[in-house]
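Structure, as structure tokens:
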Amino acid sequence: MFRFLLATLLLPAAVLGDAGILGSVVRGPSALSDSGPDVRMLAQDVLISVDRHSYEITGCFLLHSPSDEGTVFMYFPVDIITPFVSMLYSSTEPGPLLDRVEVTVDGAPAEVFPMFVCEWNPSEEPSLPCWESVREMTRPLFQDEPDEGEPFYATRIPAVEQITDSCMDWEADLPGIHSQALNAAWSAGFGVDDTVLVEYHVTGQMTTDYDSTMSILCYPLQTGSTWTGSIGSGRVTVVPSGFAGPGEISFIAGSMLPAAVELPPAVFEPLPEIAGHQSFAATRLSRLAGTRLGGGFQWRFSDFEPSAVPEGWRGLFPGLGDMYAFVADSVREWRTSESAPRPTGWGGSFIYAFLSDNPPDRLTVIDLDGVPLHESPDPGAPVTSLLPVNTVLTVIETRGPWILVGCSPCDIVNYEEMGPLHGWIELYRTGGDGLSRPSALPML
């Protein structure tokens, strides 16, 4: 089977296909920026099972605090605004999306509640809501008024009908009552030198094309600035639903992670650091111990600090050709010096799974600097062309990390066609940090 097994860096790419269903999103848990500053993730063990339609994620996270942190709030997004759906319709009725999330803290069920990260931009107009009224409407986690431009964490977003002055412009007039995502949130208590085991179990729908012939799932890891330091040890394991073997997983990738390995059939055993915690026996992951896996893919790491992905749709829905049309202009403007900053691209650490009956026959160049097209599958072979970002590649043959492709690239600056061309590209490269970056990826 044509299966890429690599560590990747996702960058903006061209329109290639059509997303039919935007599936639900999930990533590793974050701490609020103003809670738990000394808490470190000692270990994490995440098991993801996927099929063409749905996924199931069980993750255990071992957290330690050297000081008395008190209550620490954690969260991850379950619904976000996208260019396709520009309003957070789930904000007033979040219940159904939270029903698919279960969390335990030291084996005991935790209350999962809706949480929205809002920005406080007060108005001097006396007729508009002040902090006191916004606080009453949004019921934030913390009662004190934030500084202008600072975030606050609402637990509800009122419907338009609940606002006294119905003549207000919802988007323009209501300060602070806007959010880009509905988050599932919960809390855990940390005393001095406490080690706490948090587990979440999340189910959801895959993102698919219109005909449901291909599906994708993105699972970002997360520490960034929300937890202290690096992850002590961890792994992420991806298997097909039913644990029967690689199945429909025709492409698997890990962004800014150590190289993955393809697992042979084996018995699943949780990480010793996780299994050694006193409350582990009460977790769902403990009940999966001893399960026979027919095969899959796994990333292992130690003393590792993931690169945080953007909070918005670009970080949580990579691989959607339609959405890349919204970011292609930024690449062209950078190339033509119309804008100074280099686009950041997809620099986060995450797992990317592509499921289909057949191997992907098209890839899209994602390297902002372009991809060398070689005469033969050898890094020392002559380079015949530099394929610009967004070039669509037709896969002809594969030899390990090398792909023989055909393409008709278009110069991103002047839109002049450069093809048709044939040649070999090296699918990924490893940087000085030991993490690999791809040249191209399959898109929906």
Side-chain angles (χ1 to χ4, degrees), residues 2-20 83 207-210 213-218 250-256 309 313-332 334-335 343-348 350-356 358-374 385-398 401-413 415 417-429 436-444:
F2 175 70
R3 181 179 298 113
F4 298 114
L5 184 60
L6 61 149
T8 67
L9 171 70
L10 295 184
L11 304 174
V15 174
L16 180 60
D18 295 302
T207 293
T208 71
D209 64 343
Y210 285 118
T213 60
M214 298 176 287
S215 305
I216 59 173
L217 173 72
C218 173
S250 58
F251 181 99
I252 190 78
S255 161
M256 298 295 288
V309 302
W313 59 268
R314 298 182 187 181
L316 290 167
F317 286 114
L320 297 184
D322 284 355
M323 287 193 176
Y324 290 125
F326 292 93
V327 297
D329 282 349
S330 65
V331 178
R332 188 193 65 81
W334 169 60
R335 287 291 190 197
T344 57
W346 302 107
F350 56 81
I351 307 300
Y352 175 81
F354 182 94
L355 280 70
S356 62
N358 300 308
D361 57 4
R362 291 190 301 175
L363 305 174
T364 298
V365 172
I366 60 172
D367 193 325
L368 291 182
D369 296 314
V371 173
L373 188 69
H374 295 262
S385 183
L386 187 68
L387 305 180
V389 66
N390 298 341
T391 299
V392 177
L393 311 174
T394 299
V395 177
I396 301 172
E397 181 185 345
T398 65
W402 288 88
I403 313 294
L404 177 62
V405 300
C407 59
S408 295
C410 180
D411 187 279
I412 199 168
V413 175
Y415 303 111
E417 292 191 4
M418 302 163 54
L421 301 173
H422 287 78
W424 295 85
I425 67 164
E426 193 171 13
L427 193 56
Y428 63 90
R429 67 187 190 278
S436 297
R437 295 154 172 85
S439 301
L441 292 177
M443 306 285 178
L444 286 187

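Just the heavy atoms: all of them, side chains too, but no hydrogens, waters or symmetry mates, feed the values below.
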With side chains defined as the heavy atoms from C-beta onward, is the minimum distance between [X] and [Y] less than 4.5 Å?
X	Y	answer
Val405	Ile396	no
Leu393	Leu387	yes
Leu363	Leu427	yes
Tyr352	Ile216	yes
Val392	Val365	no

Just verifying a value: how many Å separate Leu355 CG and Thr208 OG1, rounded to the nearest 0.5 Å?
11.5 Å
Thr213: side chain to side chain donor-acceptor pair (under 3.5 Å) partners, not counting sequence neighbours:
Asp209
So, for [X] and [Y], which heavy atoms are closest and what is the spacing to 0.1 Å?
X	Y	value
Phe251	Leu441	CZ-CD2, 3.4 Å
Ile425	Leu373	CG2-CD1, 3.9 Å
Phe354	Met443	CE1-O, 4.0 Å
Gly370	Leu386	C-CD1, 3.8 Å
Leu421	Ser385	CD1-OG, 3.7 Å
Trp424	Leu404	CE3-N, 3.4 Å

For Pro401, give me all partners under side chain to side chain contact (heavy atoms under 4.5 Å, CB included), at least two apart in sequence or on another chain.
Tyr428
Please name all residues satisfying side chain to side chain contact (heavy atoms under 4.5 Å, CB included) with Asp411, sequence neighbours left out, ordered by chain then number.
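If we apply the side chain to side chain contact (heavy atoms under 4.5 Å, CB included) test to Asp411, skipping adjacent residues, the hits are Val413, Asn414, Met418.
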Looking just at side-chain N and O atoms, do Ser250 and Ser356 make a donor-acceptor pair shorter than 3.5 Å?
yes
Check against side chain to side chain contact (heavy atoms under 4.5 Å, CB included), Thr207 and Leu444:
CA-CA 9 Å; Thr207 293; Leu444 286 187; 3.8 Å; yes
